[in-house]
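Below is one structure, written out as structure tokens; the observations come after it.
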Amino acid sequence: MNWTNIKRWAKDKGYKVDREKSGDEANPYNYERKLLDDPARHGTTNSLSKIAMNIYNDITDNKHVEHQKRYAKEQSEKEVDYNYGSW
């Protein structure tokens, strides 16, 4: 997804999202989210995919966070295996 699609999707789900330049080459933007009905539910990240995942997790009341952590760990382990095998 790109910024335009994330912004549209977030709005459809009741969130306001903004971004501002960070000055970091690797992560050029900081992304902010806020639930319009409950501004106390907000957050900031430096990754477009993470802002989408944060909104999704907020919508689903963090129902899938454990699965996401396991998946990230598995992917990390695969990456280590690939790197080790390339010596």
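Values in this document were obtained by computation on a predicted structure and should not be read as measured data. What's counted below: heavy atoms across the whole structure, side chains too, no hydrogens, waters or symmetry copies. Positions are given from 1, in the same order as the sequence printed here.
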Fill in the blank from the handout: Rounded to the nearest 0.5 angstrom, the NE2-CD distance for H67 and E74 is 8.0 Å

Practice task
Indicate the ring-plane relationship of Y56 and H64, choosing parallel, tilted or perpendicular according to the 30° and 60° boundaries.
Solution key: parallel

Exercise for the section: Answer yes or no: is there a side-chain heavy-atom contact under 4.5 Å between V17 and Y31? Expected result: no

Practice task
State, yes or no, whether a side-chain contact exists between N57 and Q68 at a heavy-atom distance under 4.5 Å.
Solution key: yes

Problem - Reported CG-to-CG distance for the pair N2 and L48, which is rounded to 0.5 angstrom - result: 7.5 Å

Exercise for the section: State, without any angle test, whether T45 and S47 hold a side-chain donor-acceptor pair at a distance under 3.5 Å. Expected result: no

Problem - Exercise: identify the closest heavy-atom pair between P39 and H42 - result: O-CD2, 3.1 Å

Exercise for the section: Say whether I51 and I59 are linked into one hydrophobic cluster, either directly or through other cluster members, by side-chain heavy-atom distances under 4.5 angstrom. Expected result: yes

Practice task
Find out if a path of hydrophobic residues (ILVMFWY) with successive side-chain heavy-atom gaps under 4.5 Å connects L35 to I6.
Solution key: yes

Practice task
Would you tell me whether D58 and Y15 have side-chain atoms, one donor and one acceptor, within less than 3.5 Å of each other?
Solution key: yes

Problem - Any K21 side-chain heavy atom under 4.5 Å of Y29 side chain - result: yes

Handout entry: ILVMFWY cluster, I55 and W3 together (side-chain gap under 4.5 Å)
Key = yes

Problem - Side-chain donor or acceptor of D61 paired with backbone N/O of K63 under 3.5 Å - result: no

Practice task
Any chance you could measure T44, atom OG1, to E32, atom CD, to the nearest 0.5 Å?
Solution key: 4.0 Å

Exercise for the section: Taking the side chain as every heavy atom from C-beta outward, state whether K7 and R19 have any atom pair closer than 4.5 Å. Expected result: no

